[in-house]
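Reviewing the structure listed below.
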Amino acid sequence: MRTTRSTRTGGEKEPRDDGQDPVETIDPTPLFEAASQARKSFGRFNLAIAGGTGVGKSSLLNAVFGEDRAATGIGLPVTRGIHYYVNHDKTLGIWDFEGFEVGTALTPAQMVQENLSTIATGPPEKQVSVVWYCVLSSVARLTPAEMDAIRAFDAAGKHIIIVLTKVRRARNLAGRWTLDEDAEKFLDFLADPRDHRGEPIDLPTVTVIATAAVDQGKYGPKHGLADLMTATLGLSPEGAQDAFRVAQRLSLPLKLELARRFTAAAAVSAAAAAAVPVPFADAALLAPIQLGMMGKISAVYGIDLRVVLSAQALSQLATQIAGKALARSVVKLIPGAGSVINASVAAALTAASGEAWTRICERVFTGELKLDDVESLWSSYGPTVTQVLGWVLKIRTNSTIPLVAEVP
């Protein structure tokens, strides 16, 4: 009489009546635990955003991070004092400095100094990573009060990006979009700031990005946001960069870079686990590694699987990932592999599964897919034998786990 046993993930084998191997039931707990740990490890990216009334701060935030945190209005300031907003997974904090208005009790520089002092007394996870100082491009130059505010941020050691907002563009004779005259004048001023007498102005050297957060109609589509994100990531402290990748919603490549980092790490772990070849009967021993990888990738795309999937669907997903059919088909095509999963095959299976899960998460993130029928999705997007063999070849050729997959 044949006997079966549970896997390390606490699963059980359910008998089949078709004469094939029993179906493995895999516990999806490693997926949840890894997702939770990943969210904590990302840390938090804190953005300080400042500027006068009507410069378009809220529109800019919504364009990059995709969540409304303050009303977008015209006229009176829509925020007062300094306000702190945190997104749902706590990877993003926004320090929204009040609109700098003429006639207020404090100067803009004094407000900056006072607010930064308040922030400095808070915990490490609330400290400013980068400052966006927003200015309307149509004004063509900074006011003395704005320059004092920028100096105050610089004196506090903050990384500053001057964001020119609502920048209009026009098509040149070649049909390309070019910045309008006001924006060009402003950029010239910031490159070499001088007063009305032509005397140099002492202004910190900062990054300047021209943007339009929304379409400008006849003045062109939105633009400059990708440059703003690149500059922001480059100025961010190392400990806040992954949080920025997760919090932003504009750049899929930034998320993909992080997801593939998790895939590569899991593939290395799988190879180590199969350093002594694993029999097919114990193939599910790789499940905790693969499920942990999937949980981390889900976190990158802001997908909480506990919310979007039922317990039954999660169990089905875990079981599919740890299935033996794909491994058996791959090994059959590798001369001398026998009936075991060696290190390169384990790494290849894990890497191919990570790439497949990343494709699914990316499409769920963009709204192209829904996780209503995860079994069907995995059947459509899961790794093929050809893809896994491509990974095996890459790994054996490079003697390492490539971060980027370019396999058939």
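These figures come from a predicted structure and were not determined experimentally.
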What I'd like to find out is whether the side chain of [X] reaches to under 4.5 Å of the side chain of [Y], using heavy atoms alone.
X: Phe65; Y: Tyr85; value: no
X: Leu254; Y: Phe244; value: yes
X: Met293; Y: Thr263; value: yes
X: Leu258; Y: Phe42; value: yes
X: Ile82; Y: Ile119; value: yes
X: Trp378; Y: Pro383; value: yes

Between [X] (side chain) and [Y] (backbone), is there a donor-acceptor pair under 3.5 Å?
X: His159; Y: Gly234; result: no
X: Gln216; Y: Val214; result: yes
X: Thr121; Y: Thr118; result: yes
X: Lys255; Y: Val246; result: yes
X: Arg44; Y: Lys90; result: yes
X: Asp180; Y: Val167; result: no
X: Gln127; Y: Pro123; result: yes

Nearest atoms (heavy-atom pairs only) where [X] meets [Y]:
X: Ala63; Y: Leu250; value: O-CG, 3.3 Å
X: Ser129; Y: Pro237; value: CB-CD, 3.7 Å
X: Ile161; Y: Leu235; value: CG1-CD1, 3.6 Å
X: Lys126; Y: Trp95; value: O-NE1, 2.8 Å
X: Lys222; Y: Asp215; value: N-OD1, 3.0 Å
X: Ala213; Y: Ser59; value: CB-O, 3.7 Å

How many angstroms lie between atom [atom1] of [X] and atom [atom2] of [Y], to the nearest 0.5 angstrom?
X: Leu393; Y: Ser344; atom1: CG; atom2: OG; value: 10.5 Å
X: Leu371; Y: Cys361; atom1: CG; atom2: SG; value: 7.0 Å
X: Glu146; Y: Cys134; atom1: CD; atom2: SG; value: 10.5 Å
X: Leu349; Y: Trp391; atom1: CG; atom2: CH2; value: 12.0 Å
X: Glu362; Y: Leu256; atom1: CD; atom2: CG; value: 6.0 Å
X: Asn342; Y: Arg396; atom1: CG; atom2: CZ; value: 5.5 Å

What pairs of donor and acceptor atoms, side-chain ones from residues 296-307 against any protein atom, are under 3.5 angstrom apart with sequence neighbours left out?
{"from": "Ser298", "atom 1": "OG", "to": "Met294", "atom 2": "O", "distance (Å)": "2.8"}
{"from": "Ser298", "atom 1": "OG", "to": "Trp357", "atom 2": "NE1", "distance (Å)": "3.1"}
{"from": "Asp304", "atom 1": "OD1", "to": "Arg306", "atom 2": "N", "distance (Å)": "3.2"}

Query - Step-by-step side chain to side chain contact (heavy atoms under 4.5 Å, CB included) determination, Ile201 to Leu142 - result: CA-CA 11 Å; Ile201 297 174; Leu142 294 171; over 6 Å; no
Requested in this report: Applying side-chain contact (heavy atoms from CB on, under 4.5 Å), name anything that partners Glu181, two or more places apart in sequence or on another chain.
Outcome: Lys185
Query raised in the report: Is any side-chain N of the basic residue among Arg151 and Asp148 closer than 4.0 Å to the acidic one's carboxylate O?
Result: yes
Query raised in the report: Does Glu184 have any salt bridge (Lys or Arg N to Asp or Glu O under 4.0 Å) partners at least two apart in sequence or in another chain, and if so, which?
Result: none
Query raised in the report: For Asp192, which residues count as a salt bridge (Lys or Arg N to Asp or Glu O under 4.0 Å) partner, sequence neighbours excluded?
Result: Arg194
Requested in this report: For Asp96 and Leu61, run side chain to side chain contact (heavy atoms under 4.5 Å, CB included): C-alpha distance rounded to whole Å, both residues' side-chain angles, the deciding distance at 0.1 Å, then the answer.
Outcome: CA-CA 10 Å; Asp96 187 3; Leu61 288 174; 5.6 Å; no
Query raised in the report: What residue pairs, at least two apart or across chains, pass side chain to side chain donor-acceptor pair (under 3.5 Å) with a residue in residues 229-242?
Result: Trp132-Thr232, Asp242-Arg245, Asp242-Arg261
Query raised in the report: Taking only residues at least two apart or on different chains, which pairs with a member in residues 162-178 satisfy side chain to side chain donor-acceptor pair (under 3.5 Å)?
Result: Arg168-Tyr219
Requested in this report: For the pair Leu225 and Gln248, evaluate side chain to side chain contact (heavy atoms under 4.5 Å, CB included) and give the outcome as yes or no after the intermediate values.
Outcome: CA-CA 11 Å; Leu225 299 177; Gln248 63 81 27; over 6 Å; no
Query raised in the report: Could you go step by step and tell me if Leu116 and Lys158 meet the side chain to side chain contact (heavy atoms under 4.5 Å, CB included) rule?
Result: CA-CA 10 Å; Leu116 288 179; Lys158 304 306 178 185; 4.2 Å; yes
**Report entry** Phe153 and Phe97 aromatic centres sub-6.0 Å
**Finding:** yes
Query - Residue of the set Leu164, Val163, Val64 for which side chain to side chain contact (heavy atoms under 4.5 Å, CB included) holds with Thr211 - result: Val163
Query raised in the report: Can a donor-acceptor pair be found between the side chains of Asn62 and Ser58 at a distance below 3.5 Å?
Result: no
